[in-house]
Amino acid sequence: MPIITDQDIDDLAVGAALLGTGGGGDPYIGKLLAKAAIEEYGPVELLALEDVSDEVAVVACGAMGAPTILIEKIPSGDEIGLSLDAYEDHTGGRAGAIIPFEAGGINSMIPIALAARRRLPVIDADGMGRAFPQLEMETFHVYGVPASPVAIADEQGNRVLIETNDAAKAEWYARGVTIRMGGQSYIVNYGMNGRTAKRVSVPATMSLAIGIGRTLREAAAGHRDPVSALVDFFAGTHYGHAKVIAAGKIVDVVRKEENGWSIGVATVEPFDPSRPTVKIRIQNENLIAEEDGGQVLAIVPDLITVLDLDTAEAITTERLRYGQRVNVLAVRVPPIMRTPEALAVFGPAQFGLKQPYTPLGHGDD
């Protein structure tokens, strides 16, 4: 079982920002938490999904809240442990492995920090394959794992336990608690055994994120085009298809906090003056990229990530600014996220979008 190295965490932070599709929380903050936990408590093993014991008790964890708040509301690192304590006290069991509930942003790092503190392995998989803004938008939920009990904690030591038989209600209650905790909280839920985890999880997403970071690092060292390197990298993964859908300058960003989410629109003016302006709609994450005139370039659940033009590193939604020169990269999600059951939970209609989902590259391969 491989050990997560210091270099892996650096690469993971870069890759998780890309998989976060603009959201998921600042992975830099998470990187500091993960490294500090490993330094204090010891190394963390990364366990391949196929190697998970059928009977091991698995719990998912991560942060909830608007990414913009995380910039000023820095976690202490103790919050997620308090959530796990509350979860285990309530269920009477003990976790044997940790799985991220999403692969993006800080939520790729929180599980590592928790695993180090509890000396448990982290499973190389997750429940989103990217970042989504709502707790029920998980392949765990899609394929039958109850979302509750949900254990929530904050940096003040407050803990809340939610029990409900409906995943959407779990999101609604947890969102309300998170708002009252200052807009950011830390959650443990989606308990399952290893057999179930193998059936319901998006596989190999932690190693995917590490691979993204490694690809960009090696491209920079070899003076190769980083975006081309990324497209080639994704072609060899279970995601399979990626392409640049826009290139230009950020000319407008409208953003506000609403119901515990960061809501907004970023406008990209293409470098090619013959191309129409592109608008990216945001709900914590980038949901749809659409040209003026209505042509959809990419749409959720496929990934839409804004990349710095020079480095190809992802720019999270809270750090989008006027004047940034960017590429917009879209990536098709793997098959487990494109089933009718999955689209009924996190397809376009669930975000109030009227445009239908057409997988990126449909008809190209």
Side-chain angles (χ1 to χ4, degrees), residues 12 15-16 19-21 23-25 30 46-50 52 56-65 80 83-84 87 95-112 114-115 120-152 162 166-168 170-171 174-175 185-209 238-239 284-285 300-303 331 333-339 341-347 350:
L12 177 62
L19 293 181
T21 63
L46 185 62
L47 180 60
L49 190 60
E50 61 268 22
V52 175
V56 71
V58 178
V59 294
C61 71
M64 173 180 268
I80 196 64
S83 294
L84 182 56
Y87 185 92
I98 306 297
I99 191 168
F101 64 49
E102 71 178 9
I106 194 174
N107 283 333
S108 63
M109 298 293 182
I110 293 294
I112 296 174
L114 178 60
L120 296 173
V122 169
I123 298 174
D124 185 10
D126 80 302
M128 292 186 180
R130 45 161 293 158
F132 282 122
Q134 295 178 212
L135 194 62
E136 81 275 20
M137 293 178 171
E138 302 266 357
T139 55
F140 305 150
H141 164 54
V142 169
Y143 300 110
V145 179
S148 69
V150 183
I152 309 176
I162 295 169
D166 182 274
E171 153 67 32
R175 188 70 52 181
S185 69
Y186 297 83
I187 290 177
V188 171
N189 72 328
Y190 283 112
M192 67 192 96
N193 61 25
R195 184 185 304 107
T196 300
K198 286 183 272 192
R199 177 176 61 85
V200 304
S201 303
V202 185
T205 47
M206 296 289 277
S207 55
L208 177 77
H238 53 309
Y239 283 62
N284 282 8
E285 288 77 42
V300 66
D302 285 347
L303 284 66
V331 183
V333 292
I336 191 174
M337 299 179 66
R338 291 187 266 133
T339 65
E341 300 94 330
L343 294 176
V345 174
F346 45 68
Q350 305 310 307

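The figures here come from the full heavy-atom set of this structure, side chains too, leaving out hydrogens, waters and symmetry mates.
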(message) For a quick test of reading the model, state the closest non-hydrogen atom pair linking G30 to I106 and the distance between them.
(response) CA-CG1, 3.6 Å
(request) Please list, chain by chain and in numerical order, all residues satisfying side-chain hydrogen bond (donor to acceptor under 3.5 Å, both in side chains) with E285, sequence neighbours excluded. (result) none
(request) Using modelled atom types only, decide if a donor and an acceptor are shared between the side chain of E136 and the backbone of A168 within a distance under 3.5 Å. (result) no
(request) Can you tell me which residue pairs pass the salt bridge (Lys or Arg N to Asp or Glu O under 4.0 Å) test with a partner in residues 142-151, sequence neighbours excluded? (result) none
(request) Please examine the side chains of L49 and S201, heavy atoms only from C-beta on, and report whether any two atoms are closer than 4.5 Å. (result) yes
(message) Is there a side chain to side chain contact (heavy atoms under 4.5 Å, CB included) between M206 and I112? Walk through the geometry before answering.
(response) CA-CA 10 Å; M206 296 289 277; I112 296 174; 3.9 Å; yes
(request) Sequence neighbours left out, what passes side-chain hydrogen bond (donor to acceptor under 3.5 Å, both in side chains) with Q350? Give chain and number order. (result) none
(request) Can you sort out the partners of R195 under salt bridge (Lys or Arg N to Asp or Glu O under 4.0 Å), two or more places apart, ordered by chain and number? (result) D54, E55
(message) So, taking the atom named CZ in R175 and the one named CD in Q134, what distance separates them when rounded to the nearest 0.5 Å?
(response) 7.0 Å
(message) Among residues at least two apart in sequence or on other chains, which ones pass side chain to side chain contact (heavy atoms under 4.5 Å, CB included) with A147?
(response) A167, A170, N189, Y190
(request) Could I get the full list of ring pair (Phe, Tyr, Trp, His ring centres under 6.0 Å) partners for F101, not counting sequence neighbours? (result) none
(request) Report yes if the side chains of S108 and P100 come closer than 4.5 Å at any heavy-atom pair, otherwise no. (result) no
(request) Only counting residues at least two apart or in another chain, list the ones meeting side-chain hydrogen bond (donor to acceptor under 3.5 Å, both in side chains) with T21. (result) R130
(message) The criterion is side-chain hydrogen bond (donor to acceptor under 3.5 Å, both in side chains); which residues satisfy it with R199, sequence neighbours excluded?
(response) none
(request) Might you point out which heavy atoms bring I152 and S83 nearest each other, and give the distance in Å? (result) C-OG, 3.6 Å
(request) Identify the two heavy atoms, one from I110 and one from G62, that lie closest to each other, and give their separation to 0.1 Å. (result) CG2-CA, 4.2 Å
(request) Please list all pairs passing the side chain to side chain donor-acceptor pair (under 3.5 Å) test where one or both residues lie in residues 137-151, with sequence neighbours left out. (result) Y143-T339
(message) To the nearest 0.5 Å, what is the distance between CG on L120 and CG on L84?
(response) 8.0 Å
(message) Let me confirm one number: the CE-CD distance from M137 to E102, rounded to the nearest 0.5 Å.
(response) 12.0 Å
(request) Write down the atom of Y186, the atom of A63, and the distance for their closest heavy-atom approach. (result) CE2-CB, 3.6 Å
(request) Please check if the side chain of D302 supplies one atom and the backbone of V333 the other of a donor-acceptor pair under 3.5 Å. (result) yes
(request) Might you point out which heavy atoms bring P203 and A125 nearest each other, and give the distance in Å? (result) CA-CB, 4.0 Å
(message) To the nearest 0.5 Å, what is the distance between CZ on F346 and CE on M337?
(response) 4.5 Å
(request) Check whether any side-chain N or O of D124 sits under 3.5 Å from a backbone N or O of L46 as a donor-acceptor pair, and report yes or no. (result) no
(request) Taking ring pair (Phe, Tyr, Trp, His ring centres under 6.0 Å) as the test, write out the residues that go with Y87, two or more places apart. (result) none
(request) With sequence neighbours excluded, tell me which residues meet ring pair (Phe, Tyr, Trp, His ring centres under 6.0 Å) with Y239. (result) none
(request) Determine, stepwise, if the pair I98 / V59 fulfils side chain to side chain contact (heavy atoms under 4.5 Å, CB included). (result) CA-CA 5 Å; I98 306 297; V59 294; 3.8 Å; yes
(request) Tell me, please, which residues at least two apart from A103 pass side chain to side chain contact (heavy atoms under 4.5 Å, CB included). (result) L19, D126, T205
(request) Kindly give the heavy-atom pair with the smallest separation between I187 and I80, and that separation in Å. (result) O-CD1, 3.4 Å
